[in-house]
Enquirer: 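Can you read through this structure? Questions will come right after.
A, B, ... follow the sequence lines: proteins, then strands. Residue 1 opens every chain.
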Amino acid sequence: MAGSSIMENLFQRTLEDLIKGMRLQLIGESAFISKAVEEIRREIKSTDPHTKSTALHKLCYLSAIHGLDISWAAFHAVELMSSSRFSHKSVGYHAAALSFHDATPVLLLTTNQLRKDLSSPNPFEASLALQTLSRIATVDLARDLTPEVFSLLSSGRVFVRKKAIAVVLRVFDKYPDAVRVCFKRLVENLESSDPQIVSAVVGVFCELASRDPRSYLPLAPEFYRVLVDCKNNWVLIKVLKIFAKLAPLEPRLAKRIVEPICEIMRATGAKSVMFECVRTVLTSLGDHDSGIKLAVSKVKELLVDEDPNLRYLGLQALSVASEKHLWAVLENKESVIKSLSDEDSNIRVESLRLVMAMVSESNVTEISGVLVNYALKSDPEFCNEILGSVLTTCSRNVYEIVVDFDWYVSLLGEMARIPNCQESEEIERQLIDIGMRVKDARLQLVRVARDLLIDPALLGNACLHRILCAAAWVAGEYIDFAGNLFEIIDALLQPRTNLLPPSIRAVYIHSALKVLVFCLDCYLMQNEDGNLVVGQSDPFIGKRCSVAPESATCQSSNLEQHDDLTFDPRNTTGSPEDLSVFENNADTAVTQGPAITHEYMLGLVDRIELVLAPLTANQDVEVLDRASNILAFVRLVKAELIDNASQKANTADKKDTQVSAIITLMRDAFVTDLGPVSVSAQGRVAVPDGLDLKENLDDLSALCGDIELPSSSSFGIGGPQFGTSSDATSTGLLKNEESGLVNESTSLLEHRKRHGLYYLPSEKNEISQYDYPPANDPRSNSNSDEAAELAKLTEQSLVLKKKPNQTKPRPVVVKLDDGDVVPLPISYKRPEPRDDSLSGAIKDILLGSTTKPSSSQSNPSDKSSSKRKEKKKQVAADIPSQIKENLGDAEGPGLENPGSSSKDHDYVKERRERGKEKIVEGEGHDQKARKKKSSHRHGKHKTRQKANSPLNVVSQTPEIPDFLL
Amino acid sequence: MSLQRGCSRSLSPRTTAVSASVFEDFKACISEEASCQTISEINLKPVEKQHEAIRNVFSVLCSRAEHVSNFVDAESIFGPDSRLVYKHFATLYFVLIFDSSENELAMLDLIQVFVETLDKCFRNVCELDIVFNYSKIHAILDEIIFGGQVLETSSTEVMKAVEEITKLEAASNAINLVSKSVSNWRSR
């Protein structure tokens, strides 16, 4: 027997062998691991504890580094935990800490071993047990081991005591009633002379206070003493963190701590402590000007520091301050703007946030303009960061800060053209949203949409498709504002639209229908007008231009106007002059278009037919459906038009034809203004009977899986006019976002070959790739230029103008009474499953413990140390009796003496249940006893927590520790 | 670039430490520091997610230039209220993940404490020391960070404790071997 174990020992691979083997293995990592695990499974069954522990050690390593599941070895871990040899024990504990969780069945077996080791005379064994307990403690373990932890809290060995203090956090978490036992001793440790102990206690309170600060207000005097006396930076930081939580709850406390904190801020040499002071002042002591001023001056120092970490944290502190003290940001605007071009992305993002915080109604135009220009020169990630924040800032609160919507809409158009723009979804939303909300912006909106639609290069960029979708919708919806119908319909039907995904293509086709209907309507109306005004006009003139005497002046003025308004001359040259349509008055939807000729209509109709005919064979239902609709309509109209053409003299009859009636109807349908929809609108719609909204539709996916999605091919659009680009229509390619770039560049190249024009500001490499000289290379500007430009921003725009000199009034923005803005997702809250009972228990203890000071509150001047000592003595004397009382009181007779253990599982369960009942009763009882003492606020809190306990709280002034008065 | 090993440990109830080391051939290797299990328990993530998180952290770290700030936005990887600070020494990355109850600069110092301790322990620590001394590094880390809280910030104290533990382990092992072999020899 002994011999075999020696053999095992000698030939067993150690952890080091395993690691070496792993690094040299040739069979592949997973194969090696599974072989090793096989070996371990054999070894771990050995009766020799040494072999077993080595095996388990190896297993722990594999679990920690390779994420192996080792729950199967849980029992072996328990076995080793009970070994008398320290090295075996530590392996066992380590494995337990690593792999045990609340549902591990063998956890029940560890209680006794933990108890034994916690009370072991060897501090390292106790430390091992504490270590493991801090990771695996469950409700049962926490409850059963509370007495041991309690006695370790006053252990003579600092090494053990500090760990016991730290483990209390987990014990409280799992078993709030432990507070009744341990809390007093925990607080006592705050007065320890050993910095390690104080550090541990303060750490625990920092964690506790961050969950429920109010419960710890009564301890403020203790923390105050630590704040004033302590010289240890770690402890100071934690105390500052605690005060940052407590100060907002109690103004008198805030007043009291400002001075000491400022003193520390001035005196300390440690940047971490200084920063923590700054943050505490900025977050929690906002009402104390002297403190804020000092903090801001310290932030200023941080902002110009060499160390990027300090610069970053300085900016962070500023953004904390920006909510309440914008002046602090404005004071430092030079540094903030300078940081915008820092090489560190953290610093850039943070300074961007601050710049956006400075944006106001008066400077939004300049800042956004400069930022968008700057975005062009930045790396893609930061570029999108900038665009995103400009978009959110400007759209905040239904475009609160935007006065000039024409400017903003053009800015959106500019943003859309920035390469690398990933914000297309937001731009799409805002384009449509502004269209619906701001009537006065529609004219400019249609212009921007037209510029986007007409540019064939943009179609190649998959990122832009969403924006183009919005542009197409806008152009169709607000077509009556359009300068040139021909342009728009051409843009909507251009061959490269086959690069669009089907859903967006459908929008294009639908918009084309709207434009067509509008054209026809204009045509009808104009003929009617012509008839009314000129009567039987000369057919020749009517055909060519059909200019009525009155409208001739109209048109010429309109043409001028039109020329003024077009920014892009290259696009207007292509269209015949006489096709430009009268721009109608923005406010009336009535159209008087004098310039549509019969030929033009025929041409238009033919063109639509030609382009859309192939789409009736498209695989996508949306596209197919809409194309068929419009085609049917077109054919109907065409027949009529030709008919009319043959008897054009007799135009008066046209009004009566069936087609014109249909056109008028359709026009009427499209003219109706669409408004924004409240986000809560759906909620107001009653769910129809028989509609089960919660039905599980998972089965459908199985059904749908059978239906193969048609493989995308281009047969539907393979007309000769589509030329070479038809290959690129495979939807797979379009949907693949990554290929967008490739798409973009090839189409750009193609486009350039055709037109020799540049639309997109290109990247340097792209240019060299295609061998074109840079048209307007943004990167050619040197860094100093950038800096200069940004500096300009500081000079000009960030000066808070008293009154913006508005040249025109802000247009009306339609707002809904409710649900205009999508409610923000509920901010994440830490899961606090047991905190209610925890804070309840702590309040019990603290309010109980503060009765003594409060009873002596009659002499508030008495806060000398002698009194504290007195109190301490008193508390100390109280403890033993208190514990007994607590144990007996709170847990009732159903709870056995915690010193003796129970192995009976059933009994444990039963006891737990009984214990619970008792706790509830006990709390109700406590509450009654305490109700006179408990403050109004506390009372309210309680009602929420324990609605079941009978309660009629007498409201009284809050309990304030004497030192605050 | 592949991540070979990864592990992490809780600092403050949702606070994690990962340390990564990179081999010269740019093969990534996050080496040491405790259990993936801890994050998984704290963030309720399965082990695979753990590894993914480590991979994410690593790719972010690799993309960062030298001489920039040592903070990384970790909320996308580890959930809300998590911050990440790292320090880069030659081929090693030391990473701490913490929440708002810790001070950023103090965490940076804590990495320094950890590295100092390693240096004292191994005399000019290199990545092989970390790879091969799994239990020792755990022991050090356990002294510094306990149940998610920073418990010890003096590397001398840590060293003292770790040396004691090592001695104790060695002693118990020695007894084991001697007693066994001696008793066997005697019995013959």
Side-chain angles (χ1 to χ4, degrees), chain A residues 2-3 5-6 9 15-16 19 23 29 50 57 61 63-67 69 85-88 90 94 97-99 101 124 130-131 134-135 159 162-163 166-167 169-170 196 199-200 203-204 206-207 210 233-234 237 241 271-272 275-276 308-309 311-313 343-347 349 828 830, chain B residues 4-7 10 12-13 31-32 34-38 41 47-48 50-51 65 67-73 79-81 100-101 103-106 108-109 131-132 134-135 138 142 146-153 157 161 164-165 168-173 175-177 180-181 183-184 187:
Chain A
S5 77
I6 275 196
N9 252 334
L15 177 60
E16 195 166 331
I19 299 172
R23 290 167 68 85
E29 198 169 82
H50 188 73
H57 199 191
Y61 174 81
S63 155
I65 307 290
H66 299 280
D69 176 33
R85 297 224 164 85
F86 184 77
S87 56
H88 300 166
S90 74
H94 179 64
L98 207 57
S99 64
H101 49 87
F124 295 99
L130 286 169
Q131 197 100 51
S134 77
R135 306 272 285 274
F159 179 73
K162 67 178 183 189
K163 292 188 176 177
V167 94
L169 186 63
R170 171 104 185 186
Q196 287 182 309
S199 167
V204 169
C206 181
E207 284 297 332
S210 69
N233 290 339
W234 288 89
I237 288 172
K241 293 246 180 222
K271 288 271 194 280
S272 51
F275 177 66
E276 200 56 56
N309 288 323
R311 285 207 303 273
Y312 171 64
L313 292 176
E343 59 169 337
D344 189 344
S345 61
N346 288 340
I347 293 179
V349 170
Y828 178 82
R830 280 177 182 223
Chain B
Q4 291 189 332
R5 14 201 102 107
C7 42
S10 111
S12 169
S31 66
E32 283 342 302
S35 56
C36 300
Q37 182 262 335
T38 328
E41 184 194 313
V47 175
E48 298 78 53
Q50 258 3 272
H51 280 244
H67 311 303
V68 293
S69 60
N70 297 62
F71 302 99
V72 169
D73 173 30
D81 192 24
S100 59
S101 48
N103 179 289
E104 289 84 350
L105 294 169
L108 213 52
D109 281 353
V131 171
F132 281 107
Y134 169 76
S135 38
H138 267 274
D142 281 344
F146 180 98
Q149 299 160 75
V150 180
L151 213 52
E152 184 54 74
T153 52
E157 289 289 329
E164 293 267 350
I165 291 171
L168 208 59
E169 283 187 353
S172 66
N173 271 337
I175 296 163
N176 176 22
L177 285 175
K180 234 182 220 171
S181 41
S183 59
N184 284 332
S187 65

Enquirer: Before you tell me yes or no, could you show the steps for A/Tyr312 and B/Asn70 under side-chain contact (heavy atoms from CB on, under 4.5 Å), namely the whole-Å CA-CA distance, both residues' side-chain angles and the distance that decides it to 0.1 Å?
Expert: CA-CA 9 Å; A/Tyr312 171 64; B/Asn70 297 62; over 6 Å; no
Enquirer: Measuring from atom CD of A/Glu207 to atom OG of B/Ser101, what distance do you get when rounded to the nearest 0.5 angstrom?
Expert: 3.5 Å
Enquirer: Hey, are B/Asn103 and A/Ser272 close enough side-chain-wise for a donor-acceptor pair under 3.5 Å?
Expert: no
Enquirer: Would you please name every residue forming a ring pair (Phe, Tyr, Trp, His ring centres under 6.0 Å) with A/Phe124, sequence neighbours left out?
Expert: A/Phe159
Enquirer: Given 3.5 Å as the limit, does a donor-acceptor pair link the side chain of B/Glu104 with the main chain of A/Leu313, or not?
Expert: no
Enquirer: Taking all non-hydrogen atoms of both residues, which atom of B/Glu169 and which atom of A/Ser90 are closest, and how far apart?
Expert: OE2-OG, 3.0 Å
Enquirer: How long is the straight-line distance from CG of B/Asp109 back to NZ of A/Lys271, given to the nearest 0.5 Å?
Expert: 12.0 Å
Enquirer: If we define contacts as heavy-atom pairs under 4.5 Å, which of A/Val349, A/Ile237, A/Asp69 has the most with chain B?
Expert: A/Ile237
Enquirer: Tell me, side chain or backbone of B/Ala106 under 4.5 Å from chain A's heavy atoms, or both, or neither?
Expert: both
Enquirer: Could you state the interatomic distance from CG (B/Leu168) to OG (A/Ser87), rounded to the nearest 0.5 Å?
Expert: 8.5 Å
Enquirer: Out of curiosity, B/Glu157 CD to A/Lys162 NZ, how far, rounded to the nearest 0.5 Å?
Expert: 6.0 Å
Enquirer: Please determine whether side-chain contact (heavy atoms from CB on, under 4.5 Å) holds for the pair B/Val131 and A/Ile19, giving the CA-CA distance in whole Å, both sets of side-chain angles, and the decisive distance to 0.1 Å.
Expert: CA-CA 8 Å; B/Val131 171; A/Ile19 299 172; 3.7 Å; yes
Enquirer: Roughly how far, to the nearest 0.5 Å, is the NE2 atom of A/His88 from the OG atom of B/Ser172?
Expert: 6.5 Å
Enquirer: Could you have a look at A/Glu343, A/Arg311, A/Gln196 and say which one has the most heavy-atom pairs with chain B under 4.5 angstrom?
Expert: A/Gln196
Enquirer: Report the relative orientation of the aromatic rings in A/His57 and B/Tyr134; use parallel for angles under 30°, tilted for 30 to 60°, perpendicular for over 60°.
Expert: tilted
Enquirer: Between the main-chain N or O of B/Phe71 and the side-chain N or O of A/Asn346, is there a donor-acceptor pair closer than 3.5 Å?
Expert: yes
Enquirer: Taking all non-hydrogen atoms of both residues, which atom of B/Leu105 and which atom of A/Phe275 are closest, and how far apart?
Expert: CD1-CB, 4.1 Å
